[in-house]
Amino acid sequence: MTTPAAPPPPGPPGSPRRPAAGIRLDKVGKRFRGGVDAVRDLDLAIEPGEFIVLVGPSGCGKSTVLRMIAGLEEVSSGRIFLGDADVTNELPQRRDVAMVFQSYALYPRMTVKKNMAFGLRMRGVGRAERDQRVAAVARTLGLDHLLERRPAALSGGQRQRVAMGRAIVREPRVFLMDEPLSNLDAKLRVTVRAQLTLLHQRLGVTTVYVTHDQVEAMTLGQRVAVLRDGLLQQFASPRALFRAPVNLFVAAFIGSPAMNFVAATLAGGRVSFAGHSVALPADSPLAAADRPVILGVRPTAFGPAGTGGWPEFAVTPAVIEELGDERYVLFDLDAPRVDTDATRAALDARSSDDALLLPDQARARFTARLPADLAIAIGDQLTVSVDPRRLYFFDPDSGAALS
Amino acid sequence: MRTNSLSRLAPSLTTFTVTVALGLGLGLTAAVSTAGCSKTKEPAKEAAKEPAVPAAPEPPKEPAKDQVEVFSWWTGAGEQEGLDAMIADFKSKNPTIEFINAAVSGGAGTNAKAILANRLQAGNPPDSYQRHAGLELADDIKAAKVEDLTKLVDAQGWRDKLPKGLLDAITIDGKIYSVPVNIHRANLIWFVPKTLQALGIAGPPKSWKEFMTQAATIKAKGKTALAIGPAWTQKHLLETVLLGELGPDKYTGLWNGKTDWKSAEVTAALDMYKAVLSVSDIKSSAADWQPAADRVIDGTAVYTVMGDWLDGYWGRAKKLAYKTDYDVTATPGSAGVYDFLSDSFTLPVGAKHHAAAEKWLIECGSVQGQDLFNPQKGSVPARTDADKSKYQGYLAAALKDWQDPATKIVGSLAHGVVANNALGAEIDTALGIYVENRDSAGFAGAVAKAYAATK
Amino acid sequence: MTAAPARGHGRIRSPWAPYTTTARYLALFALACLFILPVYALLVTALKLPAEVSVVRMWQWPHELSLDNFRIVWPKLRDGFGNSVAMALPASALSSLLGAANGFVLSKWRFPGADFAFALILFGMFIPYQAVLIPMFQTMSASGLRGGLSGLIMVHVIYGLPITTLIFRSYFAGISDELIEAARVDGAGMLRTFAFVALPIAPPAFAVAMIWQFTSAWNDFLFGVLLTNKDRWPITVALNNIAGSQAVPFNEAMASALLACLPTLAVYVVLGRFFLRGLMAGALKG
Amino acid sequence: MLRRLRAWGPGLLLISPSLIALAVFVYGFLGWNIRVSLSSWRGLLPAHDFVGLANYTALASDPRFMQYDVPNIAIFTVVFVAGSLVVGFVLALLLDRAEFGQHALRSLYLFPMAISFIATAIIWRWLMDNGGGESTTGLNKLLVDAGLGSLRSDWFKSSSRWAIAAIALPAGWSLSGYVMSLFLAGMRGVPEELREAARVDGASEPRVFWHVVRPMLLPVLMSAVVILAHISLKTFDLFYAMDQKNIKIDTPALYMWFTTFDGGFYARGAAIAALLLLGVATVIVPYIWYSVRAERVK
């Protein structure tokens, strides 16, 4: 119902699209009244036409960054460039950006058509052209039959599309989106996510997208900027974020289910944790290290006993989550849970489908993804193997990745 | 949450109402403000630079457009008709002058006074305004708001036509500032002869002491001796008791400093007032003077002390017969004394139509004017040469007393002849407290202090 | 906004419920009678034949209903009635419009110190008007605004600003900030955001503010008596003048009082829920 | 800086007419009034001299002000505020759980508020007539007819110190419906889930009220007290139309009016008004401060 059947037609005829603009943030900081630093020294260079996602737990400053780009929030320090222009002190109405809000912010007393045309009207575009552009965009988004309705008479998904349409009609140099999917139900969210990607491919407008949902970030962003406490943690492609997190926070935040952590010691080319010991590959850069670390293992790095000559160790399953093709096996290790600010912040930010993490557990609990055909019973001994090349090591104090 | 709050804003009836109200409202504002402007701006041009002392009557510069705005509180029954008759006469004598009747009703001029004070302060006076003759005008004189009319009075030869007591009362520092139109008498006690007969009382009391004796008899028969109304009627009663107990000379002395408020005799008179109050129905006093008078007609009360406007209420409004249904005499101890109050008209400084205002004052002081007004109003003319035939019933008797050279004339306290506004207001306050705490010495002290402070 | 759940419905009741409910309604009914009592006296007196009226028979039902009393007093009240209409409507409209602008700025277009400015504005709602009477009187007299209706309208508009500002500020505060931001990003400046986005959604607040202002302007006495001449007296002053200071027949007093409060009562009956919201705003609650 | 000015300048500009008007008509006039109270102005002509606090010290020994007005307004405030609170609260309590006719009853209790104080006074002046014997009428008549003749009262003409408390009757009639609405709104503000949780925890209805609802009504109570108290202090027309110049129901607001506009004692009137302002401000300023601050915390 909400998915337009036909592939989106090309852009409206007769309105040559302007080249997309890059965005550059140069040491941007935001200090709120009362001395809270929401954003600190943020450097971010977004290529023209790029789709980037700002992600992080609530209060990390991601929305503030977006609002500063829009001009809705004053910049305390640093500069912002849209294309070549320094817009740091420009009022929002004078920046050529369009924004999609979490609540969609549709004008309640205007019809869909007027909502979509409002930005054009404010910019002095004539009625004929307004109507034409609105009609074209409405067609693309399947809103034709809703143009005379008021927002109150629309469903959530329709409102979301109107909000998108209102931004698209403007043909701005930059799209800004502030959690535009968070008010949709789970199913619709996946559909619209795909549409967003298609839309961006077609329009090629530089897009900055804010979300707290790491899955959304990974699926949508060409590059993803992870923020925490107003500081940029890592700005990279989703793949790079997953494969090479720069610190404990990014590692804990990205990936589902989340990475497992346990305190460990590196010595003599082996890593020891909770009474187990695993040999590192000989070519590991840390083979010669001798130091305490935090060991991180993704659930997907586990296998049944005897997988590819991986090191093995025995555990006792506490919970088994059946998923059909595979299952998640949760087991406790005889070591305290890793509980740093970074892991806690990352856990807080994760969405509810990661509730497996049971953070109040005193001992370290691991999740392993194992094939479904393996015979496992709760309480019985189970031997698992782990891919020694997919072990992550972090400094226990700074949380920085060691390599 | 959000979606609901959006749908809550649905328009419907509300929008309509507000739109209509808004449109209507804005339209009206425009109408009102333009109307207001055109009204206020017109006369303001030839404003305040008139000579301070009026020269001999001078023809108006633009006779066709001349007008006179007269401010009074004559809107009640009788007085309004009287005023209308005077206006008609004025118009017939001065056909070129447009008469603007700026009468304001309410409470013995209380509202009117506040409004007038505003206009005087704002330097936007009417061409002539009503004041009780006497010291009520003192503040206006002090503030140089009214012109000295002595020359006009002399030129019209009014001095010979007004009784000396009245002239004394309206002469302030040797000058006359207002033209009295009518005379009311305040020191009157009213009763129903049949009630007295039924109670076995021979006649109205000659002194307040006798009144108290009668009151004891009346009380024994389960009736109220004296019906009283709100605060100002209590003040009215006070002046008649003071007058009856102290006599006219010492009473007048209270207001010119010759009688000491703190003296023993004043205290004794105040104690008599207290005693009189105690046999009145002050605990359930009537809301105003008319309902108080009604109680006398009902027979629940025997006497009431009130000015002669009560004659108009009983005789005219209630259609009762003077002498048979009701009767009246001077309050105890004040026979042969005329405790008067008078409505008079002034010429404010800065009046926009000076000459026309003088014409109006001449009308006020004329025999015709006074004889047209007073029979309607239920008062007697200030002039002693008025046409007696026009006054019937009580008024005939009153006029006879007024014109009798032997009659002593004193001014009323409650009606602004002997006390200026400030002193009057202070006495109101002190009397209110006195009626509560019945502390004669305290009251005397308070009035003495107020007298000294407001002289 | 959560829809109010149907209160009490389907709840298991205590065995005492029938008794407590009866007692509750008895009490409510008794109190209702007490509240109606004065109005009963007002109505039956005003509707009696003038000849039938007597103060001591105040509570008796009229033998015959009659509008004669209104016929007697209406000519005396007509001017005051007209003046009050001509004063209260523009005063409430202007005050609401300005209040809408203030409320919008103080909630959605805030400047440094907006809260302090708001507190200062709000204080104006609570001042005893006695403390401004003398200067107001002098100022209005000196500027020639005393006497007619324009000065009275002006005063009602100004002293109405605190409450209308409060009403609109509370109302706009309940509107999502994103709506305003959307307009800004769409290229609207402050005036256009106010005109195109805020005003169109404000009719409910307008209803509340207008009704509140209309009622208080209509019911005001102090400013009316101070600032107008007789020909421009609002209804309350006219009412006090004919039914207040002098002894007037009881029936006329009651009929006048009834006439004088008809418009506010009508507003109250027709638009009661907005009236109530205005009252709530007075308690500084949105 | 320039950007800031461009950002909030238009807003400031839009409300500046209102701000200026209020600055003049509220703060300017209040200041002017205080200045008048420090002069010796009496009569028609303003005096611009400076007599210090003379008018205030005179008021301190003014029997009308000290022995009548101040005790009167104190009595009236206490009786009126307490009475309206109790009646309003009881009404709210009864109505909150009433399922039928709630809307109609609420409207009924509230409508006196739509009636001006002048009209209210005119009605109640007759209801509280204190005529005796055959001329018994108004409330007294009802009392006598109900066999409660011993309860008949002289109301505001009573010689008692508490005569002014009779005026709390019409004032309360006018405003207790308002108090009821405030309390009802407060009770509605308590989520039904909270009450249900308490019931499940075994609390009886009175306990639910005491432990769950009552604490949430405190802000409402505060608002109601502040609003009623300030109305009480500044009300003029109710007394004025009820019985002018009856010292038993005299209040500072009336004294101010009469002494200023009848007697011409402008400076004294200004001093009374300034003291009224002081009285209102001690109630209102903390209230506004608290409200605006509480809102900011939210």
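In the text below, chain A, chain B and the rest are named by the order of the sequence lines, each starting its count at 1.
Interface remark: D:Pro46 contributes side-chain atoms only to the contact with chain C (heavy atom separation under 4.5 Å). Of the two parts of D:Ser176, only the side chain, counted from C-beta on, holds a non-hydrogen atom closer than 4.5 Å to a non-hydrogen atom of chain C. Residue C:Arg110 touches chain D through its backbone alone, counting heavy-atom pairs closer than 4.5 Å. Both the backbone and the side chain of D:Pro10 have a heavy atom closer than 4.5 Å to some heavy atom of chain C. The part of C:Tyr268 that comes within reach of chain D is its side chain, from C-beta onward, which places non-hydrogen atoms under 4.5 angstrom from that chain. With a 4.5 angstrom heavy-atom cutoff, C:Leu106 touches chain D only via side-chain atoms. Only the side chain of D:Leu19 comes within contact range of chain C, judged by heavy atoms closer than 4.5 Å. Within the 4.5 angstrom heavy-atom criterion, only side-chain atoms of D:Trp124, from C-beta onward, approach chain C. With a 4.5 angstrom heavy-atom cutoff, D:Leu30 touches chain C via backbone and side-chain atoms both. Contact annotation for C:Leu42: only side-chain heavy atoms (C-beta onward) come within less than 4.5 Å of a heavy atom of chain D. C:Leu191 touches chain D through its side chain: at least one heavy atom from C-beta onward sits under 4.5 Å away, while N, CA, C and O do not. Using a 4.5 Å cut-off between heavy atoms, C:Met190 touches chain D through its side chain atoms alone. Looking at C:Ala32, the atoms closer than 4.5 Å to chain D (heavy atoms on both sides) sit in the backbone and in the side chain alike. Both the backbone and the side chain of D:Leu142 come within contact range of chain C, judged by heavy atoms closer than 4.5 Å. In this structure, chain D has heavy atoms under 4.5 Å from both the backbone and the side chain of C:Leu28. In this structure, chain C has a heavy atom under 4.5 Å from the side chain of D:Thr260, while its backbone stays farther away. For chain C, the nearby parts of D:Leu139 are the backbone and the side chain; heavy atoms of each come within less than 4.5 Å. With a 4.5 angstrom heavy-atom cutoff, D:Ile123 touches chain C via backbone and side-chain atoms both.
Here C:Leu226 is the residue among C:Val269, C:Leu226, C:Leu258 with the most heavy-atom pairs under 4.5 Å with chain D. Top candidate by heavy-atom pairs under 4.5 Å with chain D, chosen from C:Val237, C:Thr264, C:Leu34, C:Asn102, is C:Asn102. The candidate with the highest count of non-hydrogen atom pairs below 4.5 Å against chain C, out of D:Ser37, D:Gly31, D:Ala119, D:Ala114, is D:Ala114. The greatest number of non-hydrogen atom pairs below 4.5 Å with chain C, out of D:Asp243, D:Leu93, D:Thr136, is found for D:Thr136. Counting heavy-atom pairs closer than 4.5 Å to chain D, the top residue among C:Tyr159, C:Trp59, C:Trp109 is C:Trp59. When each of D:Ala270, D:Ala273, D:Ser116, D:Ala281 is scored by its heavy-atom pairs under 4.5 Å with chain C, the top score falls to D:Ser116. Per-residue heavy-atom pair counts under 4.5 Å with chain C were compared for D:Thr120, D:Leu127, D:Val285, and the maximum is reached by D:Leu127. In terms of heavy-atom pairs under 4.5 angstrom with chain D, the leader among C:Leu98, C:Thr139, C:Thr20 is C:Thr139. Heavy-atom pairs under 4.5 Å with chain D peak, among C:Arg57, C:Lys108, C:Met136, at C:Met136. Note on C:Gly189, C:Cys261, C:Pro112, C:Ser256: by heavy-atom pairs under 4.5 Å with chain D, the leading option is C:Pro112. Looking only at heavy-atom pairs under 4.5 Å with chain C, the residue among D:Tyr27, D:Phe236, D:Trp41, D:Phe117 that has the most is D:Tyr27. The candidate from D:Ser107, D:Gly279, D:Ala274, D:Ala21 with the greatest count of non-hydrogen atom pairs under 4.5 Å with chain C is D:Ser107.
When every heavy atom of D:Phe25 is checked against every heavy atom of C:Val132, the shortest pair comes out as O-CG1, 3.7 Å. What you find for D:Trp126 and D:Ile122 is that their closest heavy atoms are CD1-O, 2.9 Å. D:Ala241 and C:Asn240 get closest at one heavy-atom pair: CB-OD1, 3.6 Å. Counting all heavy atoms, side chain and backbone alike, C:Ala46 lies closest to C:Ala255 at CB-CA, 3.9 Å. Taking both residues in full, the closest heavy atoms of D:Gln102 and D:Asp96 are given as NE2-O, 3.8 Å, listed atom of the first, atom of the second, then distance. Of all the heavy atoms in C:His156 and C:Ala217, the pair that sits closest is CE1-CA, 3.8 Å.
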Name the atoms and distances for all side-chain donor-acceptor pairs under 3.5 Å in residues 116-125 of chain C, with sequence neighbours left out.
none

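Put simply, CG on C:Leu222 and CD1 on D:Ile118 are 9.5 Å apart, with the number rounded to the nearest 0.5 Å. Here the OG1-CZ distance, from D:Thr251 to D:Phe239, works out to 5.0 Å after rounding to the nearest 0.5 Å. Between the OG atom in D:Ser232 and the CD1 atom in D:Ile227 there is a gap of 13.5 Å [rounded to 0.5 Å]. With rounding to the nearest 0.5 Å, the separation of OG in C:Ser107 from CZ in C:Phe168 is 11.0 Å. Here the CD1 atom belonging to C:Ile127 is positioned 9.5 Å from the NE2 atom belonging to D:His230, to the nearest 0.5 angstrom.
For the pair C:Leu31/D:Leu94, a side-chain contact is recorded, criterion being any heavy-atom separation below 4.5 Å from C-beta on.
Residues forming a ring pair (Phe, Tyr, Trp, His ring centres under 6.0 Å) with C:Phe194 (at least two apart in sequence, or on another chain): C:Phe104.
Checking side-chain atoms of C:Trp218 against main-chain N and O of C:Ala260 turns up a donor-acceptor pair under 3.5 Å. Proximity of a side-chain donor or acceptor of D:Arg199 to a complementary backbone N or O of D:Ser204 within less than 3.5 Å is not detected.
A cation-pi arrangement is absent between D:Arg293 and D:Tyr290, since the terminal nitrogen or guanidinium carbon is not both under 6.0 Å from the aromatic centre and inside a 45° cone about the axis.
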